[in-house]
Amino acid sequence: MADVKIEMKTAAYVCSGCGLGDKLDVGQLARIAQKEGKMALVRQHDFLCNSEGVQMIRDDIENEAVTHICIAACSRRAKTEAFNFPSVAMTRANLREGVIWVVAEGAAHDEVRQEMADDYVRMGCAELKKSRMPEGNPNHTQLKNLLVVGGGISGLTAAFEAAETGYEVILVEKQAQLGGWAGKLWKRAPYKTPYAEPQETGVAALAARVSAHPLITVHLNSTIAETAGAPGRFAVKLAQESGSITEVAVGAIVQATGFTTYDIAKLPELGGGLAHVVDQAGLEALAMAANGGVMKRADGREVKSVVFLQCAGQRDDSGQHLPYCSGHCCATSIKQAMYFKDANPDVNAVVVYDDLRVPGMGEDFYRSAQHKGVIFAKGKASSVTTESNGLKVNYKDLILDSGATIQADLVVLATGQVPSSGVDVILWDKLTKEADGGSIEAKQQKSELKSISILNLTYRQGPDVPKLKYGFADSHFICFPYETQRTGIYTAGPVRRPMDIMQATEDATGAALKAIQAAENASLGRAAHPRAGDLSYPIVRLEGCTQCKRCTVECPFGAIDEDERRFPVFNEQRCRRCGTCMGACPVRVISFENYSVDTVGNQIKAIEIPDEFSEKPRVLILACENDAYPALDMAGLSRIVYSAFVRIIPVRCLGSVNTIWITDALNSGYDGVMMMGCKKGDEYQCHFVKGSELAGYRMSKIGDTLTGMGLEPERVSSFEVAITDNAKVAGFINDYVAQLVEMGPSPMKGFG
Amino acid sequence: MSELNQKAVAKYENNFLREVEERVEDGEWVKMCMQCGVCAGSCPLGNAWEHSPQKLFRMIMAGKREEVLTSDAMWMCTSCYSCIVRCPRKLPITHIMHGLAHYSHRLELAPKGQPTRELARIFWQNLVKTGRVNELKFSLAVYFKDGFVQGIKNLLSMQGIALGLVKARRLNPMEIIGGHKCRDIGGIQKMLAKAREIEDRRQGFTS
Amino acid sequence: MAKKNYAFYPGCSSQKGASASNFVPSIGVMCDKLDIQLNEIPDWNCCSASIGYGEGGQLSRLVLNARNLALVEQNLPGQDLVSGCPACWLSTRETAEKLNEVDSLMADTNEALKEAGLHLSGTVKARHLIEVLIEDVGFEAMKEPVVKPLEGLKIAGYVGCQTNRPFGIAGESFENPQYLDKMIEMVGAEAATGYEQKVTCCGGALAFSEPEKSQKQIRDIVESAYDHGADMIVTPCQLCQANVEIYQSEINKKQGTKLAMPVVYYSQLMTVAYGGNSKQAGLDGNILRPQKLFDIIK
Amino acid sequence: MTASIATSQTILVVGGGIGGMTAALEAAECGKQVILVERNATLGGRTALLYRYFPKMCHPTCGMEINLRRLKGNRNVRVMTMTEVLEVSGVRGDYTVKLKLSPRYVNANCTACGECAKAVETEIDNPYEYNLAKTRAAYLPHNMAYPMHYVLDPSIIGTADAEKARAACKYDAIELDMQEEIVEIKAGAIVWATGWKPYDAAKIQPYGYDRFANVITSVEFERFANPHGPTGGKLLRPSDGKEAKNIAFIQCAGSRDENHLRHCSRICCMASLKQTHYVREAYGDDAKSTIYYIDIRVIDRLEDFYLKVQQDPTVSFIKSKVAKIVEDKAGNPVLHGVDTEGYHRYATTHDLVVLAVGMEPETRGIKLPDDMLLDSSGFIEGSNLPAGVEGIYGAGAATSPLDVNRSVQSATAAALRAIQVVHKTSTVEGVR
């Protein structure tokens with residue numbers, strides 16, 4: 001592409017508004033842009049973001065054929081509506097939030113303030129010269145149809161809603177019929193006012209509408225044998241029970257593979273395994289058989305007394321059973337107790353619970369059950385045993401603080417949902433390493449593991465969507481429940497987290513939207529969330545590649561495969577544009593049009609380094625653009641002062657930081673480097689999964705390089721910065737600068 | 001065991017909740033309790049009894065008939081209605097406590113000699129006689145409920161107060177003879193007899 | 001200005017020579033000044049208070065109160081039943097509402113009422129005298145007749161239970177009602193704000209049967225009034241007035257305290273403020289002499 | 001002029017909190033035209049006023065930064081702040097919506113330089129601090145405000161202060177003669193994401209929120225914990241500024257109560273559990289948090305957050321609905337009630353009480369489209385039903401008391417429903 005690009009013409013615009021003119025010598029800034037920055041066109045304006053200033057820039061783009069502009073004014077986070085020029089490459093030199101708002105007031109600081117501004121203009125121009133207008137991934141895709149895996153209520157809903165939106169859907173269900181667990185229910189808990197009675201599930205009707213829908217193709221008795229490709233061009237092999245294979249091509253995937261119930265045989269102390277002790281699914285079967293009449297046990301005897309034991313094998317801190325709460329079970333037991341009471345009010349129905357969890361309008365459902373005479377006992381069951389023709393439930397009544405016993409004809413254990421999420425890719429990765437190391441049993445285990453895979457992705461990072469805690473294939477992010485680690489593949493329903501029908505249908509509808517969105521974005525060569533709409537994409541110079549595989553291994557999204565010659569094969573539509581591969585590459589052959597080793601490297605080299613006698617240290621800050629950079633910006637907004645010796649460069653993610661930047665900086669005489677990223681660990685913040693972790697790991701390795709250069713390891717340090725740390729981040733800077741002053745200037749000065 | 005009680009036990013086997021729903025004033029509300037305990041914490045006599053309302057309700061649902069009907073907790077009710085106005089489920093708790101007390105009294109399970117139980121008995125007799133409460137006779141009856149000697153003791157211990165009231169014309173010694181009464185006392189007594197008869201029928205004490 | 005007519009239900013304790021007889025004269029003066037005409041219900045009977053539950057059961061108590069309501073329908077048609085006694089008001093209002101709510105109980109009640117030659121159709125509204133004052137008269141009109149503002153007096157407004165719960169005065173909080181303080185200020189005295197015993201139960205219902213329990217309540221109520229620098233307590237409730245006033249000496253005897261906090265009725269304050277003498281205010285009926293009121297009268 | 005840019009192809013999103021922003025962005029990133037209207041001067045809604053999210057203890061502004069970047073980079077969304085919906089007429093696929101634009105008195109020239117705030121002297125209660133702090137009458141709602149424009153409080157319009165502000169602005173950004181505007185727009189579908197408001201704690205009389213300085217609400221506590229809040233992130237109690245180390249959290253303050261809110265507000269248990277972390281963070285082992293609850297309702301994977309808090313020795317749990325609060329002479333709140341597990345009475349003194357106030361839908365108190373279906377608590381129904389006949393869909397906390405994660409889920413679903421409508425209409429009109 002590079003060759004077909006038109007003549008580059010650069011321009012810099014220096015604003016003197018918002019006090020810039022008062023606090024800085026903008027004339028000098030303009031001269032620097034011209035002389036050092038080599039900008040073809042340099043203009044000043046005292047209010048650049050107003051209509052007149054913006055028009056001036058537009059005219060230059062129109063009449064002067066300007067293709068690259070550097071705006072020397074406020075932060076890239078400010079005035080984005082005004083400075084919106086989609087047709088040109090643009091950089092922003094942050095003179096307001098980055099200089100005049102954070103450098104101490106007063107003439108005493110005029111010099112360092114001006115130096116800081118000068119450098120930012122130099123950096124802005126340097127970056128610009130290496131930047132190109134992102135043009136979008138040229139490998140366009142066309143497919144916008146969806147594959148929905150799983151024909152339960154979630155899958156049916158996703159398929160139906162997507163089809164109703166006008167998108168074709170292929171629905172795959174491994175059973176012989178649609179409906180899943182919800183299809184096996186007699187009734188469902190209420191989802192609308194007055195939230196008082198069990199309601200029809202509506203599953204049969206929905207299944208019928210799906211089967212009849214002109215845009216939906218249903219494959220029953222089918223599983224996924226292989227999933228290759230990327231959003232907009234997934235190639236999927238469907239395996240029928242018969243063994244025959246159908247190949248389909250889809251734009252995006254919704255995985256709604258649901259859950260299995262926790263095996264009550266694992267709960268002998270609660271009667272698991274005894275006759276007439278069933279789980280909630282078992283009770284639904286009895287209700288189906290009763291068909292609205294009096295409830296009977298498997299042996300045909302009418303049930304006069306039934307006990308529901310909540311949290312059976314759930315909320316377990318002993319490590320034996322499920323540690324989590326499945327959320328729906330309290331409402332489900334209430335509904336099931338109503339089956340009995342509605343058919344015969346004289347039945348004694350008792351629910352033994354610890355915390356009764358019926359959030360929202362569920363409270364009305366609870367009231368309704370009490371009104372029908374269902375008894376709720378806060379207690380802990382200790383044992384369920386057979387007695388004559390019935391059962392004996394022993395529990396501690398926590399209100400009366402005493403042991404209690406109930407005779408029951410039937411006992412229902414409210415067990416939890418176990419997600420059907422396939423292969424644990426972490427384990428997979430471990431086994432792969434061992435297998436590559438020649439371990440036979442690792443190979444063995446791998447093929448066993450493969451057999452439970454759901455999607456059978458051909459990705460290097462493993463055959464299924466990564467799981468979080470307890471095997472749920474959920475998003476790690478609170479604000480973004482659909483932010484999965486496999487672009488274009490969205491999980492929905494209980495495979496994502498435990499949930500009831502009400503939530504599952506909503507979840508499936510949302511997942512359908514995300515899948516549609518992913519296919520649409522791929523077809524336009526754009527990135528998906530969180531850099532939605534980003535037209536840049538990774539470009540690799542294979543001729544320079546050494547097949548070290550770091551990019552393929554470290555890509556958090558499994559976007560990069562390897563060909564038989566172990567060269568990386570980029571699947572741009574899977575890529576989230578974080579630049580982790582760029583940071584990983586030791587030979588620096590991976591780059592983005594507007595974000596590359598050069599766009600950053602050039603900025604680093606552009607600044608003026610005072611000599612060792614000037615007592616003016618220089619510190620490079622590489623700041624994560626999502627947390628640290630906004631925090632620094634807001635420090636400015638709050639007029640929090642920090643050292644004028646730092647030079648800040650925002651990065652897409654610390655994971656994209658290439659160690660060459662660090663060594664270049666130190667070589668050229670910087671006294672120190674601060675890396676500011678987000679929180680690591682279990683509750684990590686990084687939307688590119690492990691950026692700050694990777695950075696930490698890589699930096700730990702350049703220790704030797706530093707000592708080799710005769711530098712103290714402290715000259716490179718990492719900091720965890722949250723977006724709210726406005727004051728804190730200033731503290732970090734000032735302390736670190738003080739520490740460097742203590743340490744004395746870098747011995748590298750002058751050699752740069 | 002009183003005959004009424006035996007009959008009740010036979011009638012309801014061990015479904016005490018049902019018994020309460022059918023026979024205790026506002027008893028059908030008991031099952032709506034969610035055990036939050038706000039009633040227990042609101043009762044001014046809280047530290048005087050063993051069973052809080054919410055605990056009694058749980059006991060009823062757990063079928064602890066004996067313990068509930070022999071408890072003296074409901075006799076501690078001062079009818080201050082604090083529990084009612086705070087109950088998040090709007091249970092008419094004060095009435096239920098009254099109802100339970102009355103029912104245990106009817107079945108003669110209520111604690112023997114429970115002072116408030118005695119007081120209630122005397123109060124009722126007093127008002128049924130004339131249609132209005134005769135405070136002097138009422139007080140005397142209360143003082144003398146445990147016999148003459150104790151009565152005199154009580155009286156002496158209270159004489160200061162009594163004399164004060166007399167002096168303030170708020171206690172009239174003459175009330176001992178006659179005193180205030182309704183004209184149609186006959187009608188009132190027949191009316192009350194009828195009420196009792198109907199209620200007994202409704203609650204299945206009699207058929 | 002035409003007098004407003006109400007069917008008056010005095011209640012047992014307000015009879016001549018009864019424990020709240022000191023309440024009666026001041027009510028007379030107050031109503032007179034405010035053009036309120038109270039017409040006593042002929043042959044009214046006891047409401048059975050709350051303690052009636054023990055022996056009486058539910059229907060008997062409903063019937064007793066229904067009789068009074070029926071008497072109003074028959075003899076004082078169109079008038080609201082008004083009582084100055086919270087217990088009477090509460091029992092009557094509960095009855096009126098319950099019977100209008102549950103048809104079967106209304107039927108049973110009328111079956112019993114027939115024995116007394118009466119019938120209830122359920123048209124009468126049962127109200128508290130305070131409601132009449134606040135809703136029908138209003139604070140402004142109540143302030144007008146004030147000729148001797150009770151300046152320099154600090155008074156703890158003690159509302160008690162049954163005037164306040166479960167019905168209370170419309171628009172007032174159960175935990176912190178304001179109207180009694182407003183009435184105190186209306187007559188020119190200072191209300192002891194932040195008096196946290198305002199709605200505590202005085203245990204009156206147990207005064208006879210569980211004296212030590214009720215006297216514990218009384219002590220808190222009185223001591224808090226002292227803590228807030230009150231000269232006296234004012235209350236709208238007969239049982240509270242008697243109970244809190246009478247037993248202070250008893251508490252002193254048993255617990256060596258020196259409680260002597262006068263307890264008066266709001267109507268007594270109003271009567272004095274309206275220029276009435278101690279007899280009209282029924283002050284001679286108070287066991288603990290409210291000296292400062294006497295001083296103002298002089 | 002607004003009307004001209006909107007057509008029956010436009011999706012109108014009402015409410016600029018996390019739910020509304022999500023619905024707008026998801027639709028826009030599917031290529032749809034969206035108008036996002038917000039009543040306040042900035043987007044962000046209530047989540048922007050929270051300090052941390054459970055269970056990750058991360059900061060709401062982090063997600064907001066991403067959403068704002070999505071918004072800045074997407075030309076399909078038109079944001080209108082200080083705008084309320086007056087009236088909706090028409091049918092699915094073809095609505096006409098009457099909007100009221102309140103004057104901001106500051107135009108798009110504003111560079112957020114802050115000179116006007118320096119010039120103005122009048123101080124007002126800061127609504128973005130739940131009125132716990134003051135701000136100048138010319139102010140930026142908060143550091144994450146979008147649009148990043150100041151706003152003048154109407155109270156100073158016509159005063160000398162307003163003139164000072166105008167004079168101080170070098171960029172003609174302040175227009176004191178700005179008037180209220182009524183505009184009509186067309187929309188094919190509407191997403192109603194008006195969110196929630198904290199229940200009025202003063203109505204819960206036994207807890208004396210209106211009488212005791214040291215009884216506050218959970219949303220207020222979020223501000224106290226926030227380093228940018230009124231106490232600079234210190235947990236100081238209002239009455240005397242004393243460090244509040246011994247804090248009581250009262251659950252179901254208004255929720256699950258037929259005298260107040262019938263429903264369970266779902267989030268409050270987790271919110272209080274989260275807030276015990278603030279206390280521990282602030283005071284370490286000297287911290288003391290007590291949670292008074294009826295049932296701890298932390299469902300699904302959130303359970304392990306609960307387990308962690310249970311293991312914290314500075315946190316204790318009492319199964320009890322507190323009966324009442326009184327204030328002792330030192331101004332300490334004293335809680336009275338009964339631990340129902342086995343019956344134990346308590347009268348416990350704390351430094352501060354935090355009421356976990358329930359969520360009340362904002363639908364109460366604003367004008368709604370006539371045919372909108374509400375449940376007994378005023379939440380919008382039908383958001384989870386298969387695509388219905390209506391073209392107006394509830395989203396987020398307007399449909400049910402939801403946490404952020406589920407609000408976003410709900411809003412994403414609502415966005416698809418809205419897209420279905422405009423797709424259908426465009427097919428009809430042969431646009432697609």
Side-chain angles (χ1 to χ4, degrees), chain B residues 25 44-45 48 75-82 84-86 94-95 98-99 101-102 105-106 114-121 123-125 127 131-135 139 142 158 160-161 164-165 168-172 174-175 180 182-184 187-188 190-196 198-199 202, chain C residues 12-13 15-22 43-46 48-60 62-64 67 108-109 111-118 161-162 164-166 168 174 200-201 203-206 208-210 213-214 217 242 246-247 249-250 253 284-287:
Chain B
E25 179 174 355
L45 273 280
W75 295 101
M76 303 282 170
C77 176
T78 67
S79 309
C80 75
Y81 288 80
S82 297
I84 282 198
V85 299
R86 288 182 190 156
T94 313
H95 299 161
H98 292 171
H102 173 68
H105 175 66
R106 279 303 301 277
Q114 206 291 333
T116 309
R117 181 186 178 190
E118 296 309 318
L119 181 86
R121 200 200 301 271
F123 177 89
W124 191 259
Q125 287 161 352
L127 94 82
R132 296 187 187 174
V133 169
N134 178 316
E135 291 177 338
S139 332
V142 173
M158 281 298 170
I161 287 176
L165 284 169
R169 294 206 186 69
R170 288 164 62 180
L171 187 62
N172 179 0
M174 299 329 279
E175 288 267 323
H180 301 283
C182 292
R183 258 182 279 104
D184 183 23
I188 291 174
K190 278 202 255 114
M191 172 183 87
L192 289 173
K194 188 67 174 179
R196 169 56 58 92
I198 297 168
E199 193 160 68
R202 292 250 178 268
Chain C
C12 302
S13 63
Q15 301 173 100
K16 189 162 176 306
S19 58
S21 47
N22 57 327
D43 203 39
W44 56 267
N45 58 259
C46 173
S48 86
S50 17
I51 192 64
Y53 68 79
E55 185 75 42
Q58 184 182 20
L59 191 57
S60 307
L62 291 173
V63 165
L64 276 171
R67 180 173 177 273
D108 293 350
T109 301
E111 188 182 344
L113 275 178
K114 203 169 329 98
E115 301 290 320
L118 289 164
C161 303
Q162 298 192 341
N164 190 48
R165 294 180 301 262
F174 291 133
T200 311
C201 176
L206 303 181
F208 277 117
S209 55
E210 307 266 6
K213 294 189 180 71
S214 86
Q217 300 296 108
I246 294 172
Y247 291 100
S249 59
E250 192 62 13
K253 216 190 314 167
D284 47 3
N286 286 54
I287 308 283

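To find a chain, count down the sequence lines: A is the first, B the second, and so on, and within it residues start at 1. No hydrogens, no waters, no symmetry mates; every other heavy atom, side chains included, goes into these values.
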Sequence neighbours excluded, the answer for side chain to side chain contact (heavy atoms under 4.5 Å, CB included) partners of C:E115 is B:K190, B:M191, B:K194
dist C:S209:OG -> B:R117:CZ (nearest 0.5 Å) comes out at 13.5 Å
When the 4.5 angstrom heavy-atom criterion is applied to B:I84 and chain C, the contacting part is side chain
Per-residue tally against chain B (heavy atom, under 4.5 Å) across C:G54, C:G204, C:S13, C:G168 peaks at C:G54
Original post:
Between C:L59 and B:R202, is any pair of side-chain heavy atoms under 4.5 Å apart?
Top reply: no
Do the non-hydrogen side-chain atoms of B:S139 and C:F208 ever get within less than 4.5 Å of each other?
yes
Whatever's closer than 4.5 Å to a heavy atom in chain C on B:H98 counts as both
Cut-off 4.5 Å, heavy atoms of chain B, and the answer for C:K114 is neither
Whatever's closer than 4.5 Å to a heavy atom in chain C on B:E135 counts as side chain
Exercise. Could you check C:K16 against B:H180 for side-chain contact (heavy atoms from CB on, under 4.5 Å), going step by step and ending with a plain yes or no?
Key: CA-CA 9 Å; C:K16 189 162 176 306; B:H180 301 283; 4.2 Å; yes
Comparing C:C12, C:P166, C:A49 against chain B, the one with the most heavy-atom pairs below 4.5 Å turns out to be C:P166
Turns out that what part of B:M76 lies under 4.5 Å from chain C's heavy atoms comes down to both
Here the pair of heavy atoms bringing C:N286 nearest to B:R170 is CA-NH1, 4.0 Å
Value for CG (B:L127) from CG (C:N45), rounded to nearest 0.5 Å, stands at 8.0 Å
query = Are C:E210 and B:Q114 side-chain neighbours, meaning at least one heavy-atom pair lies under 4.5 Å?
reply = yes
| message | Within the structure provided, determine whether C:Q162 and B:S79 are in side-chain contact (heavy-atom separation under 4.5 Å). | response | yes
Nearest heavy-atom approach of B:A168 to C:I287 is CB-CD1, 3.9 Å
Quiz item: Is the shortest heavy-atom distance from the side chain of C:Y53 to the side chain of B:H95 under 4.5 Å?
Solution: no
Sorted by chain and residue number, the side-chain hydrogen bond (donor to acceptor under 3.5 Å, both in side chains) partners of C:S48 (sequence neighbours excluded) come out as none
Honestly, the part of B:E175 sitting under 4.5 Å from a heavy atom of chain C is side chain
Taking every heavy atom of C:Y247 against every heavy atom of B:I161, the minimum-distance pair comes out as CD2-CD1, 3.9 Å
